[in-house]
Amino acid sequence: MRIVLQRVLRAAVEVDGEELARIGPGLLALVCVARGDDAELVRRAAQKVAGLRLFEDAAGRMNLDLASVGGGILVVSQFTLLADTSRGRRPSFEGAAPGDLAAPLVELFAETLRLAGFVVASGRFAAHMRIELVNDGPVTLVLDL
């Protein structure tokens with residue numbers, strides 16, 4: 001599983017000209033499920049994301065987690081995060097789980113965060129999405145789990 005997290009002032013996702021979801025301050029999580037990932041790994045990943053201290057305290061140090069700042073999280077599936085570009089010029093996506101396995105795991109990731117009390121918005125699995133965001137910092141992390 002690979003997750004790219006971006007601390008944002010706001011983020012939104014649109015499909016076919018329709019806005020599906022929008023958050024204010026919080027995190028944009030681009031999520032890719034790899035072959036062999038399972039529900040336990042996805043739950044641990046969600047807990048890890050929730051607990052990361054990526055937000056600044058009064059002293060300007062990144063000491064606060066998402067709950068401490070009351071932030072939301074926008075979860076967007078992105079299978080291209082596991083692109084293999086080691087050969088040729090056309091990326092291979094063989095490392096990413098097939099859609100029928102990945103879709104429920106991405107939803108489990110979002111649901112785990114919801115059950116932990118976070119405001120969670122989501123994109124639409126396998127849709128061509130347009131993501132709008134205002135990066136804060138910028139703060140961007142890549143998590144390989």
- Sequence-distant partners of D37, salt bridge (Lys or Arg N to Asp or Glu O under 4.0 Å), two or more places apart: none
- Task: Run the numbers on V31 and S77 for side-chain contact (heavy atoms from CB on, under 4.5 Å), then give the verdict.
- Result: CA-CA 5 Å; V31 178; S77 174; 5.6 Å; no
- Item | Test item: L5 and L28 side chains (from C-beta on) under 4.5 Å apart, heavy atoms | no
- Identify whether V119 and V8 are in the same connected component of the hydrophobic contact network (ILVMFWY, side-chain heavy atoms under 4.5 Å). no
- Mind checking salt bridge (Lys or Arg N to Asp or Glu O under 4.0 Å) for E14 and listing every partner two or more places apart, or none if nothing turns up? none
- Verify the cluster assignment for V142 and L30: are they in a single hydrophobic cluster under the rule of side-chain heavy atoms below 4.5 Å apart? yes
- Query: What's the verdict on side-chain contact (heavy atoms from CB on, under 4.5 Å) for R44 and L145, showing C-alpha distance, side-chain angles and the deciding distance?
  - Reply: CA-CA 9 Å; R44 282 195 325 264; L145 303 142; over 6 Å; no
- Item | Nearest-0.5 Å distance, CD of residue E94 to CG of residue L82 | 11.5 Å
- Note on the structure: Rounding to 0.5 Å, atoms CD (E18) and CZ (R130) come to a distance of 14.0 Å
- Message: Do L52 and L74 sit in one hydrophobic cluster, given that two such residues count as connected whenever their side-chain heavy atoms are within less than 4.5 Å of each other, even indirectly?
- Response: no
- Under-4.0 Å salt bridge between D65 and R53: no
- Query: By side chain to side chain contact (heavy atoms under 4.5 Å, CB included), which residues pair with V69, not counting sequence neighbours?
  - Reply: F55, L64
- Sequence neighbours excluded, the answer for side-chain hydrogen bond (donor to acceptor under 3.5 Å, both in side chains) partners of S92 is none
- Task: Just jot down the ring-ring contact (aromatic ring centres under 6.0 Å, His included) partners of F93, sequence neighbours excluded, or say none.
- Result: F79
- Sorted by chain and number, sequence neighbours left out, side chain to side chain contact (heavy atoms under 4.5 Å, CB included) with N135 holds for Q6, L133, P138, T140
- Kindly indicate whether the side chain of V120, heavy atoms from C-beta on, has any atom under 4.5 Å from the side chain of I73. yes
- Atom CG of D136 and atom CD of E56: how far apart are they, to the nearest 0.5 Å? 7.0 Å
- Correct closest heavy-atom pair for A45 and M1 would be CB-SD, 3.6 Å
- Query: Same hydrophobic cluster for L54 and V4, using side-chain heavy-atom links shorter than 4.5 Å among ILVMFWY?
  - Reply: no
- Item | Under the side-chain hydrogen bond (donor to acceptor under 3.5 Å, both in side chains) test, residues paired with D16 that sit two or more places apart | none
- Working to the nearest 0.5 Å, report the span between CG of L27 and CZ of R7. 9.0 Å
- Message: Using the side chain to side chain contact (heavy atoms under 4.5 Å, CB included) criterion, which residues pair with M129? Sequence neighbours excluded.
- Response: V13, V15, V76, A127, I131
- Query: Does T85 reach the side chain of P91, with side-chain heavy atoms less than 4.5 Å apart?
  - Reply: yes
- Query: When rounded to the nearest 0.5 angstrom, what is the spacing between OG in S122 and CG in L113?
  - Reply: 9.5 Å
- Message: Are F125 and F109 connected into the same hydrophobic cluster when the rule is that any two of I, L, V, M, F, W, Y join if their side-chain heavy atoms are below 4.5 Å apart?
- Response: yes
- Task: Measure across I3 and A29 and return the closest heavy-atom pair with its distance rounded to 0.1 Å.
- Result: CG2-CB, 4.2 Å
- What residues form a side-chain hydrogen bond (donor to acceptor under 3.5 Å, both in side chains) with D57, not counting sequence neighbours? N63
- Message: How close do C32 and L81 get, counting heavy atoms only, and between which atoms?
- Response: CB-CB, 3.7 Å
- Item | Heavy atoms from other residues, nucleotides or ligands near CZ of R114 exceed 12 (cutoff 6.0 Å) | yes
- A67 versus F118, closest heavy-atom pair with distance: N-CE2, 3.5 Å
- Among pairs that include at least one residue of residues 9-40, which meet ring-ring contact (aromatic ring centres under 6.0 Å, His included), considering only residues two or more places apart or in two chains? none
- Query: Where is the tightest heavy-atom contact between A121 and I23, given as atom of each residue plus distance?
  - Reply: CB-CG2, 3.9 Å
- Who passes side chain to side chain contact (heavy atoms under 4.5 Å, CB included) against P98, sequence neighbours left out? R35, D100, L101
- Distance-minimising heavy-atom pair for L66 and G72: CD1-O, 3.7 Å
- By side-chain hydrogen bond (donor to acceptor under 3.5 Å, both in side chains), R22 pairs with (sequence neighbours left out) E19
- Message: Can you tell me how far apart CG (L108) and CD (E40) are? Round to the nearest 0.5 Å.
- Response: 9.5 Å
